[in-house]
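The structure appears right after this line, and notes come after that.
Just so it is clear, the model here is predicted, and its values are computed rather than measured. Order of appearance sets the numbers: ligands from 1, and atoms from 1 within every ligand.
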Amino acid sequence: GQLRKATNMVCTVSDDRGEEVTYAGTPMSTLIAEQYGIGDVISLLWFKRRLPPWAVRFIEMCIVVAADHGPCVSGAHNAIVAARAGKDVVSSLCSGLLTIGPRFGGAIDDAALNFMRGADEHIPPDEFVESMKRAGRRVEGIGHRIKSAECRDSRVELLSAYAHQRFPSTRYLEYAQQVEAYTLQKSTNLVLNIDGCIGALFADLLSGAADTLFDGAHLDEHERSQAVRSIIELGALNGLFVVARSIGLIGHVIDQRRMKQPLYRHPWDDVLYAQDDLAPTLRRQ
Ligand code: ACO
Ligand code: LMR
């Protein structure tokens, strides 16, 4: 008989060998004929299932609300500086994307996992926050530079309102809101931020769509939570911010190139030129 050649790579996501490419088994002509949108494509290529319409719409809403937040945030600032240094679109985009991390846009996965742990293990919200403080950690998904209890983040409100209407359950969001209620007692800017809101709601989404994701396997609550955690641990939720914010970053890069903006140099009068030995005490000024 014929010997099968050992393969160097395994792929379970897409297949380009036939007449048309398939995304998780769905041919391109079907995607177009049945008007699949970007949320459907993300659900096929990332989760390998077509998620139900309420979930797909939520993914698309996340992309819309996280696409941009003005020129001053870390990512846009970096992309603008790179574009003004004469770098091309890909390099400037990458410069912006590389700021996405634990403080900016990249706290979604950890926020989701932590809020799930807190809710599943019935940890009282004050204990949840204080235990992270004892461990010297900031609560992922909490805190914002310019948003506060007095100046709410409308993105968080819009996503939450949608989820309350369309999700089968919002128990992880509710837990995140209990955490927020506690952190707001400490400081007015310790709000549930957009990363935390997307994280908690995505945990609700994946739990609510478990039948689709896990082929109707009848999982008990613990098994479902474990299965959802295993998906989140792969890093897809921070990936959603990357996809969304790339749209805005490219917009900023094109904007700078269109206006032929010159090399950026930060003004001297905005820098405190401090002695090394003074620097630690001046850090928060
Ligand atoms: N958990 C616990 N305490 C916090 C948190 C938090 N998430 N955020 C701030 N604090 C407290 C700390 O005690 C901090 O004091 P410290 O510097 O001694 O640790 C104090 O508040 C001062 O906070 P701020 O001056 O408001 O901090 P800053 O404005 O620099 O931080 C930030 C904003 C980076 C978002 C912060 O709140 C944080 O790290 N949050 C967690 C990560 C996160 O969710 N990032 C996503 C933000 S949304 C987005 O980027 C799209
Ligand atoms: C963002 O979406 O970029 C933010 O919420 C961060 C910010 O500082 O506005």
Side-chain angles (χ1 to χ4, degrees), residues 61-81 93 95-118 123 125-160 172-173 175-203 232 235 237-253 279-285:
M61 284 177 70
C62 288
I63 292 176
V64 172
V65 301
D68 194 37
H69 211 231
C72 303
V73 305
S74 306
H77 180 88
N78 255 29
I80 289 170
V81 171
L93 168 64
S95 171
L97 289 179
L98 288 174
T99 63
I100 296 177
R103 294 184 186 168
F104 169 68
I108 308 182
D109 293 306
D110 283 342
L113 292 169
N114 287 339
F115 291 140
M116 284 188 79
R117 181 176 54 82
I123 304 172
D126 55 343
E127 172 53 24
F128 174 85
V129 173
E130 295 305 331
S131 65
M132 289 188 75
K133 188 174 174 185
R134 283 195 296 276
R137 282 181 59 186
R138 290 189 167 199
V139 182
E140 287 87 358
I142 293 286
H144 201 277
R145 270 283 161 101
I146 60 167
K147 299 296 175 188
S148 65
E150 297 77 37
C151 170
R152 285 282 176 181
D153 190 332
S154 68
R155 301 170 296 178
V156 169
E157 298 192 330
L158 290 164
L159 293 179
S160 305
Y172 294 125
L173 175 69
Y175 185 79
Q177 288 169 333
Q178 288 168 26
V179 169
E180 177 193 51
Y182 181 72
T183 54
L184 281 178
Q185 291 172 26
K186 293 173 173 272
S187 173
T188 183
N189 72 332
L190 293 183
V191 286
L192 179 65
N193 61 40
I194 181 79
D195 278 19
C197 178
I198 292 177
L201 281 174
F202 231 99
I232 296 174
L237 309 190
N238 287 343
L240 192 60
F241 190 88
V242 170
V243 167
R245 193 51 62 94
S246 291
I247 299 171
L249 295 179
I250 292 172
H252 285 290
V253 173
T281 53
L282 295 170
R283 214 175 37 216
R284 299 287 312 169
Q285 284 186 3

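Protein neighbours of ligand 2 below 4.0 Å, counting non-hydrogen atoms: His69, Val73, Phe104, His144, Arg155, Arg245.
At a 3.5 angstrom cut-off on N or O pairs, Val139 counts as close to ligand 1. For Ile194, no nitrogen or oxygen atom sits less than 3.5 Å from a nitrogen or oxygen atom of ligand 1, counting backbone and side chain alike. Between Gly105 and ligand 1, an N or O atom pair is found at a separation short of 3.5 Å. Taking any N or O of Arg137, backbone or side chain, none lies under 3.5 Å from an N or O belonging to ligand 1.
Here Val65 pairs with Arg155, Leu159, Ile194 under the side chain to side chain contact (heavy atoms under 4.5 Å, CB included) rule; sequence neighbours left out.
For the ligand labelled ligand 1, residue Gly196 lies outside the 4.0 Å heavy-atom shell.
With a 4.0 Å cut-off on non-hydrogen atoms, Pro102 touches ligand 1 through its backbone and not its side chain. Of all the heavy atoms of Asn189, the ones lying under 4.0 Å from any atom of ligand 1 belong exclusively to the side chain. Proximity of Leu190 to ligand 1, defined as any heavy-atom pair under 4.0 Å, is confined to the side chain (atoms from C-beta onward).
Comment: Arg103 does not engage Glu140 in a salt bridge, judged by the lack of any side-chain N to carboxylate O separation of less than 4.0 angstrom. The pair Glu180-Lys186 does not count as a salt bridge, with every side-chain nitrogen at least 4.0 angstrom from each carboxylate oxygen.
Aromatic ring centroids of Phe128 and Tyr175 lie under 6.0 Å apart.
In terms of heavy atoms, Gly141 sits closest to Ala107 at N-CB, 4.2 Å.
Summarising the contacts of atom 17 (O) of ligand 1 with Arg138, Lys186, His144, the nearest heavy atom is found in Arg138.
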